Amino acid sequence: MTDTAAPAAKSGPRISGAFHRLLAFSGLIALVVAFSLASPNFLQTQNILAILQATSVNGVLAIAATLVIITGGIDLSVGTLMTFCAVVAGVILTYWGLPLPLGILGAILAGTASGFVSGTIIAKLKVPPFIATLGMMLILKGLSLVISGTKPIYFNDTPGFNQIALGSAVGSVFPAVPLPNGVLVLFAVAVVAAFVLSKTALGRYTFALGSNEEAVRLSGVNIDRWKIAVYAVTGAICGVAGLLIASRLNSAQPALGQGYELDAIAAVVIGGTSLSGGRGTVVGTLIGALIISVLANGLRILSVPQEWQTVVTGTIIILAVYADILRRRAL
Amino acid sequence: MTDTAAPAAKSGPRISGAFHRLLAFSGLIALVVAFSLASPNFLQTQNILAILQATSVNGVLAIAATLVIITGGIDLSVGTLMTFCAVVAGVILTYWGLPLPLGILGAILAGTASGFVSGTIIAKLKVPPFIATLGMMLILKGLSLVISGTKPIYFNDTPGFNQIALGSAVGSVFPAVPLPNGVLVLFAVAVVAAFVLSKTALGRYTFALGSNEEAVRLSGVNIDRWKIAVYAVTGAICGVAGLLIASRLNSAQPALGQGYELDAIAAVVIGGTSLSGGRGTVVGTLIGALIISVLANGLRILSVPQEWQTVVTGTIIILAVYADILRRRAL
Amino acid sequence: MTDIDKSFPGVRALAKARFELLPGEVHALMGENGAGKSTLMKILSGVYTRDAGTVLLNGQPVDITSPRQAQDLGVGIIHQELALMRDLTAAQNIFIGREPRRFGILDERQLNRDAAAIFASMNLKLEPTVRVETLTIAKQQMVEIAKALSYRSRVLIMDEPTAALNDAEIAELFAIINRLKAEGVGIVYISHKMDEIKRISDRVTIMRDGEYVGTVPGADTPIETIISMMVGRTLSNDTLVIPNTADAPIALEVKNLNRGREIRDVSFSVRKGEILGFAGLMGAGRTEVARAIFGADRRESGEIWVHGQRVGISSPKDAVEAGIGYLSEDRKHFGLATGLDVRNNIALASLQRFTGPAGVLDEAGMQKEAVGYIRQLAIKTPSDTQEARLLSGGNQQKVVIAKWLLRDCDILIFDEPTRGIDVGAKSEIYKLLNALAAEGKAIIVISSELPEVLRLSHRIAVMCEGRLTGILPGGASQEEIMRLATLRQSSVVESATQRKTA
Amino acid sequence: QENYDIALISKGFQHQFWQAVKAGADKAAAEFGVTVTFEGPETETQVDRQMDMLAAALSRKPDAIGFAALDSQAASPLLQQAKDANIPVIAFDSGVDSDIPLTTVTTDNVAAAALAADKMAELIGGEGKVAVVAHDQTSRTGIDRVDGFVNRIKEAYPKIEVVSVQYGGGDQLQSTEITKSILLANPDLKGIFGANEGSAIGVVNGKTELNSNIIVIGFDSGAAQKGFIESGAMAGAITQNPVGIGYETVKAAIGALKGETLPKIIDSGFNWYDKTNMNDPAIAAVLYD
Ligand SMILES: Nc1ncnc2c1ncn2[C@@H]1O[C@H](COP(=O)(O)OP(=O)(O)OP(=O)(O)O)[C@@H](O)[C@H]1O
Ligand SMILES: Nc1ncnc2c1ncn2[C@@H]1O[C@H](COP(=O)(O)OP(=O)(O)OP(=O)(O)O)[C@@H](O)[C@H]1O
Ligand SMILES: [Mg+2]
Ligand SMILES: [Mg+2]
């Protein structure tokens, strides 16, 4: 492996690497092909846009969760934090009547602050991430209800707000492809997260922490600081998810959010990121999130009865991951 | 504990060991004291019985989850598996009209079989436990709806059935302490699980797998078999939980169960079992489950508004675990 | 460092320990397993905080409370237990915390270039971008060394850096040490290999049971003196006796074993009562052969015969059932269940034997056996219920050995069995292996220490690049072994004929 | 007669109330020879999940859509999409704040809960402490029923105090535990209103487990509640007509497809039922098992 020797030996793995990376999509592609054959309505522009739109919120949450999972941690609060950030935006824009940019900033800051708190509890108090973020999940769930007054906050006074997710910057240029902005936001978050993970010190420490936290500490790195930073970034991304969902519903729904963490984590794990940390990719997470929404959409399009939808979804999730394992083993 | 060394050296750690084990309850005790001071209704026999009763289902589920968590795995399907087992009992007793023991047997067998399937997927196909049991969670959820015909199954034709959880064998002897049978079942499950964990080969392998699976494999142990066995036992315990909840509601509610896994896992982790495996105790899990129900009960008794209940619960869970960490550090 | 105390729950690791290091000096720290060497050095490098005592650096009292602070003060350490981030590349590991950046963005090319430069200065052939996880223990150890060098510390602590290394790498390391010495770096050198101490150290400090015993000059103190200071008695040095096993039945026969580039057509056999040594350079494929026989890895082709019967081995369980035991070279990842206590680690491979009716375990029986081995192998532990991860490195190794002794296999494959084990215990283990052979067990010993191979083996198999290049009789010369160990593919034909005669 | 494809997106799926709506829809489907699909999110908080369901239903290009909005504002872009595609939309359960639905098949939850308050007052003799165990703090039905009950008590019965309103998510077990805590905290409680099926059953379970004899008023029907009313554990309950809602929704959709004009509101009504009138044919018809 360590041979720097023959270029022939080098190109071999490279080609197969690209090929196998393509195969990673195979579960997703198989699903898409199957549904397209089964229903003529599946592979229509509108439906594809609907699938992408349905992926946007869970996709962003899953990317947020990816970061902490790579550190070997977990964040159960992503769902309720998303809601909390949406409510904060609602309070700023609707209750206080401040301008849109402040609402956006507020939501993202609220997410960052909450992630900072989670990270501090984990890094400084050594509370296990599961407990710290479970606690935060409950706290944020309650706080969302409290600050919203247990009712949805509508954004009717901020007309531009629903453009965040529903408008279509692409569509205004290419009317044939009215890609909703929400999907653009998802891709933007993905690109930024992938960049952070692969090119910045924060990303390096994210992998290092998940790989061997003690070794990082023994290397003289201030692991507390970096751990807190990872949770804060995760929180900030949840803030983006909060803006997306609020924009999509044109309201901040304070009771929503619990249970969403499971879908987000599922997307991460389906995408090949290991819950024990040290490895993971944003692209994998995106694929995982897409598999979940394609499945949900396809089964609905096929009018599969709802009770069977869950059975099929469960089975296919297991099979998709198993196929991915076989692929890696063949690698 | 089993030092064969000097008796002097022995007594030292023993005293402090017992003392510290007592302190493990400290979070729980602090909560009880606080609620007792805050409300005269809290420390009443009836309320204590209500708390214990409220702990029974989650406690049994949490014990089930403890086993797989000690192996370093996880079981997200405990909640819906519980429901599935309840529905199986309903089908056997109500739809088929068979006698009670067959219903009990059927529920526990259904649980064991499902655990066996999860375990096989994990051990043989090498699908990560999170995914395998997430898939099973969805499959079981759907199947419960399918086999029940999406409606509750009542046990009105099996009069003895609700005695499983609600009757009081203790109360019939000591009328002053009408301890519900459900609580006895919880304790019985706890005792058996603790015995299995500490005294049997299965228990030893449970810890060994969580500690270093590869080392166990290289010791010539058939790790697949033991892993499957652990998941099967977990499933069987979920069967008991299914009987408990069905007996309490005198019906099998096919839609209930999702979300219960989080409470169960929370109890396990609050009880000091590490999600990375290799360590954990049944007593800890019981304490964890009790902390959760005491909190819920106490806050309701105090009529704290619901939105604040979640905030307080989240905070106290973090604090309780933090207190436990401080205690261990002092150890 | 003077009067250093350190206690762990149930263990007094250090009691008034003392150590002194001059610039430009190589100062060896010696002691039995569990003497407190690593603990003392962890205090110096900020991993542990001391309970009592003073640390002076350049005459100034210092209080080192974190690894970071130690680095800033110019103290670097190579830990005994590898502390690498397995999912990162070699270069990323080396520069963790000090990544070169451009405009705030990691400069990966610079990083790899810097790492490559360090490797080049060490004469190490290693791609900076390879993931550490895929490296053998020896290569990982070299990455650790590279990392420690990259800090350019004034004080460099090396805690058993050569335990996993082969002669060639050791020679390279010593060249590096001499260079650093010339630059005025003070080096603390911990090792259980006595010849190294003689070769490299200026002074030797000896510890016993957490206490300071004495400091002697390295070059002109006889080894026997040092050993007796370490263990408090003198050791007899028994010589190799080769029993005549020519008529003994063949216990294990391996025919045409193949797997990719790592194992190429390996065939050999071991007789009952025979110790077959495996020699070869790092990466020769000895571990691979052992793992393939044991069923730990899949093999592409090849037959395994035990006591004249062909056995199908597809998992370690099959191997153990066929009477084969395998002690891995990587105790941390493949040997020890770190969360379990000593007793259960020893019993781990033999749990069936202690399982009574209804699956209930016979704790008393397990304890008896465990205590027996703790005594026999002199495992330093407060009790048999101590968690295995809290033992010193050498004692952990003994626990893993005990596991296989208790399992009582007919065929034992020991991969680097004495890694990290002190001289006293080493000779105990040699005696034990000889006794096991005398009992009629067939034993394979893989070792990177030629003296060990030479001292133990009745026959010596030598590997190079996945091939078995020859099997030599016991007591063969080092030169002959090295010749076979570096025998490239072109000359394999020759070795094949040799194998027949062996 | 064409085989129309009608997609019903409801607020829930697994609860018996929604299963009764589904039963009514299926009945109409069989009667009129059309195809009906029925879907709803897991809980009534998952507004966005409902949007995804509606979007998928639109992609399927059904002939008509029946929609019970969790949040009508949130749905408006998708409803607009339906309108643009010329897919008629019928609202059911609670109203949709939009002029796109051709008609709304609904029950007035506030008035229904107010009737429960009247009955409670009557049964406890006009004074004392009562409590509410509801399913959801933020969903329309949860808010309407709690408000309807609490406000009616406040306005009309000054001697009655609502001491506690708690939410159990419609989960029977959780509602049981909540009820027990309420009872233990308020030993002098006179009655509890369970604001949906799961809550009401939980209230009765809690009451039975503590051997209390408070007055329980339920909401919706189902075999369990009917049994409780028969046995006297529950004094009575308010029923909507979910089977009728499902039936009327499908019927209205067919009417719309055939070009009939529809009334703006189709009121499916609500009823009080107890031991005395449960077996009246008119009441029995609106109850479900
Ligand atoms: N974290 C710990 N907790 C409890 N005991 C410990 C801990 N670390 C070390 N010890 C104990 O302290 C003693 C000294 O250990 P140390 O690792 O310093 O020995 P060592 O001289 O380096 O031995 P070796 O040659 O085997 O590496 C041993 O008895 C060991 O079991
Ligand atoms: N995990 C791995 N993944 C890929 N290749 C590996 C792995 N481990 C070892 N190899 C390769 O297998 C070959 C032989 O391995 P190894 O170095 O363990 O042999 P060895 O003779 O036992 O040497 P050592 O002296 O290190 O024990 C080498 O080419 C090595 O690079
Ligand atoms: Mg050491
Ligand atoms: Mg090796």
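As the structure is a prediction and not an experimental result, all values here were calculated from the model. A note on names: the letters A, B, ... follow the listed sequences, proteins ahead of strands, and every chain is numbered from 1. Values below: every heavy atom of this structure, side chains too, minus hydrogens, waters and symmetry copies.
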| query | Can you say whether C/L111 sits under 4.5 Å from chain A via the side chain, the backbone, both, or neither, judging by heavy atoms? | reply | side chain
| said: More than 12 heavy atoms of other residues, nucleotides or ligands under 6.0 Å from NZ of C/K332: yes or no? | reply: yes
| Are the side chains of C/L106 and A/R204 in touch, meaning some heavy atoms are under 4.5 Å apart? | yes
| query | Do A/S211 side-chain atoms and C/D87 backbone N/O form a donor-acceptor pair below 3.5 Å? | reply | yes
| task | Please tell me if the side chains of C/L84 and A/N212 come closer than 4.5 Å, counting only heavy atoms from C-beta onward. | result | no
| task | Under 4.5 Å heavy-atom distance to chain A, tell me which part of C/R131 shows up: side chain, backbone, both or neither. | result | side chain
| said: Using every non-hydrogen atom in the two residues, find where A/V221 and C/G97 come nearest and quote the distance to one decimal. | reply: CG2-CA, 3.6 Å
| What residue in C/R101, C/R86, C/M85 has the most heavy-atom pairs under 4.5 Å with chain A? | C/M85
| Is there a side-chain contact between A/R279 and C/E133 (heavy atoms, below 4.5 Å)? | yes
| task | For A/A215 and C/A83, work out which heavy atoms get closest and say how close. | result | CB-O, 3.1 Å
| request: Find the distance between CD (C/E81) and CG (A/L218) and round it off to the nearest 0.5 Å. | output: 11.5 Å
| task | Give a yes or no on whether the backbone of A/S219 and the side-chain of C/Q71 come within a donor-acceptor separation of less than 3.5 Å. | result | yes
| note | Looking only at heavy atoms, the pair that brings C/R98 and A/Y205 closest together is N-OH, 4.2 Å
